[in-house]
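Note sheet for the following structure.
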Amino acid sequence: MTHPEIVLAPGREKSLLRRHPWVFSGAIAFVSNGVRTGEVCRVLSADGKFLAWASFSPKSQIAARAWSFDETESIDAAFFRERIAAGAALREKLGLAGADSGCRLIFSESDGLPGVVADRYGKFVALQILSAGAEFFRTEIVDALMRLPGIEGVYERSDVSIRRYENLPSRSGVAAGATPPDEIVIRENGMLFSVDPVHGQKTGFYFDLRDVRRKVKELAAGKRVLNVFCYTGGFAVAALAGGAESLLNVDSSRPALQRARRNLELNAFQDKPCELRAADAFGELDRLRDAGEKFDLVILDPPKLVDSKSHLLRGCRAYSMLARRGFELLSDGGILLNLSCSGLMTAELFQKITADAALEAGCAASIVGAVRQSADHPVALAVPETFYLKGLISVKRGSNTAMPDRLR
Ligand code: SAH
């Protein structure tokens, strides 16, 4: 079978040679006539050398995403079965694949499957298809997931806004097998979590925070905790499991807070001093500060606040405001755990923003730890964009009484 071709402009082959799978539209000199959206093309350098097999996405800035750099490989049902089985095998090796546990099985470029995200909840998989190429092979991908041992159903949650960059419509519903129930209970490090993969945010649960939950459990003993952007209470359960004295949790989503209540019950924490407050986080942080409230551990885990380069400055301001309020609300010796899941926010910039926030809050602080996305969200060394979740653990070490006024 002859494949259509994408030929790059001179000098534009470097990133593919470094095994980075994205081809930007500006790098392309020629595309064969009549290529269908998502179809696999041979990508060639300007001097005609084979570089990769990639799916074409004419409407996206990332006009092609490579599936393979091996000329002898065919991109077919067997290819998807192999890559998906390899993703599942890695999670098994990491000890994350128990029958009643959950994890991310496939994390897009990190697992050699650009545009494919699959989370496992017990016997069910929640699937997101995020690129034209993945959409083209949807049947093969769903079939490969259904073949994994112990999987009874695949539920699609391709109802996310980023699909519009690929000109794909929103879609959700059963893709194969059984319909998942409204509640799947998964086990993680001795804690139980109720997940609704059909209605929950994204695919229902944030597995990327697994290691952060472990850290919160370690840090929380005897502390008054403020948990902002609490979603379904993952950090609340972790803090109570770690012996927190009290908790105030804030989120604007009432369904998320209802599920958080359920998670407290599942772990027999319903009688603990743990408030779930429905409020806008920014307004609530202002109110708490004005009321002179103090906490010993403040957790700030906002949604992605930088979604494009043009919004970087606005996002930085929001992260900075959050961290400032966090420091202001801490008792002396208290701990701030602030997170960013924006890929465009580098670890270095996030540290600078946190440092400025401490200055503006009029306090001295030291970083005593850092957190990042957990192991089922691997960072492909060839694709630095796959590193996105970062967080800092800072200790407040008293007030700077001699702060210059302009920073106050
Ligand atoms: N920390 C959570 C995940 C946070 S996801 C966990 O442990 O699982 C981000 C959360 O922020 C979502 O639950 C969303 O409802 C909430 N959110 C988004 N904007 C908000 C706002 N302005 N005020 C309060 N909550 C907000």
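Treat the numbers as computed from the prediction; the structure is a model and nothing was measured. For ligands, and for the atoms within them, numbers begin at 1 and follow the listed sequence.
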Self-check item: Nearest protein heavy atom with distance in Å, relative to atom 11 (O) of ligand 1
Solution: F229 CD2, 3.4 Å

Quiz item: Short list, please: which atoms of ligand 1 are under 4.0 Å from a heavy atom of D280?
Solution: 21 (C), 22 (N), 23 (N)

Quiz prompt | Given L392, I353, L322, the one that forms side chain to side chain contact (heavy atoms under 4.5 Å, CB included) with N338 | solution = L392

Exercise. For residues P302 and Y319, report the shortest heavy-atom separation together with the two atoms involved.
Key: CG-CE2, 3.8 Å

Quiz prompt | Q201 N/O to ligand 1 N/O under 3.5 Å | solution = yes

Quiz prompt | Atoms of ligand 1, numbered as shown, that sit under 4.0 Å from any heavy atom of F235 | solution = 1 (N), 7 (O)

Quiz prompt | Side-chain heavy-atom pair P58, T37 within 4.5 angstrom cut-off | solution = yes

Quiz item: Do F193 and F205 have ring centres separated by under 6.0 Å?
Solution: yes

Quiz item: Which residue owns the protein heavy atom closest to atom 23 (N) of ligand 1, what's the atom, and how far is it?
Solution: A281 N, 2.8 Å

Quiz item: Heavy atom of P303 under 4.0 Å from ligand 1?
Solution: yes

Practice problem: Give the numbers and elements of all ligand 1 atoms closer than 4.0 Å to a heavy atom of S253. | Solution: 15 (O)

Quiz item: Do other residues, nucleotides or ligands put more than 12 heavy atoms under 6.0 Å from the CD atom of E73?
Solution: yes

Quiz item: Against heavy atoms of A279, which atoms of ligand 1 measure under 4.0 Å?
Solution: 23 (N), 24 (C)

Quiz item: Does at least one non-hydrogen atom of T232 fall below 4.0 angstrom from an atom of ligand 1?
Solution: no

Quiz item: Which residue owns the protein heavy atom closest to atom 13 (O) of ligand 1, what's the atom, and how far is it?
Solution: D251 OD2, 2.7 Å

Quiz item: Is the shortest heavy-atom distance from the side chain of R210 to the side chain of L96 under 4.5 Å?
Solution: yes

Practice problem: Using the salt bridge (charged side-chain N to carboxylate O under 4.0 Å, His left out) rule, pick out the option among D376, D119, D111 that qualifies with R104. | Solution: D119

Quiz item: Got W53 and S74 here, is their nearest side-chain heavy-atom distance under 4.5 Å?
Solution: no

Self-check item: Distance from atom 3 (C) of ligand 1 to nearest protein heavy atom, with residue and atom
Solution: D301 OD2, 3.3 Å

Quiz item: Would you say the side chain of C230 lies within less than 4.5 Å of the side chain of F235, judging by non-hydrogen atoms?
Solution: no

Quiz item: Given that the side chain starts at C-beta and the backbone is N, CA, C, O, which of these parts of L209 lies under 4.0 Å from ligand 1, counting heavy atoms, or is it both or neither?
Solution: side chain

Exercise. Before signing off on this row, confirm whether Y206 and ligand 1 have an N or O atom pair separated by under 3.5 Å.
Key: no

Quiz item: In the protein, which heavy atom is nearest to atom 20 (C) of ligand 1, and how far is it?
Solution: S252 OG, 3.5 Å

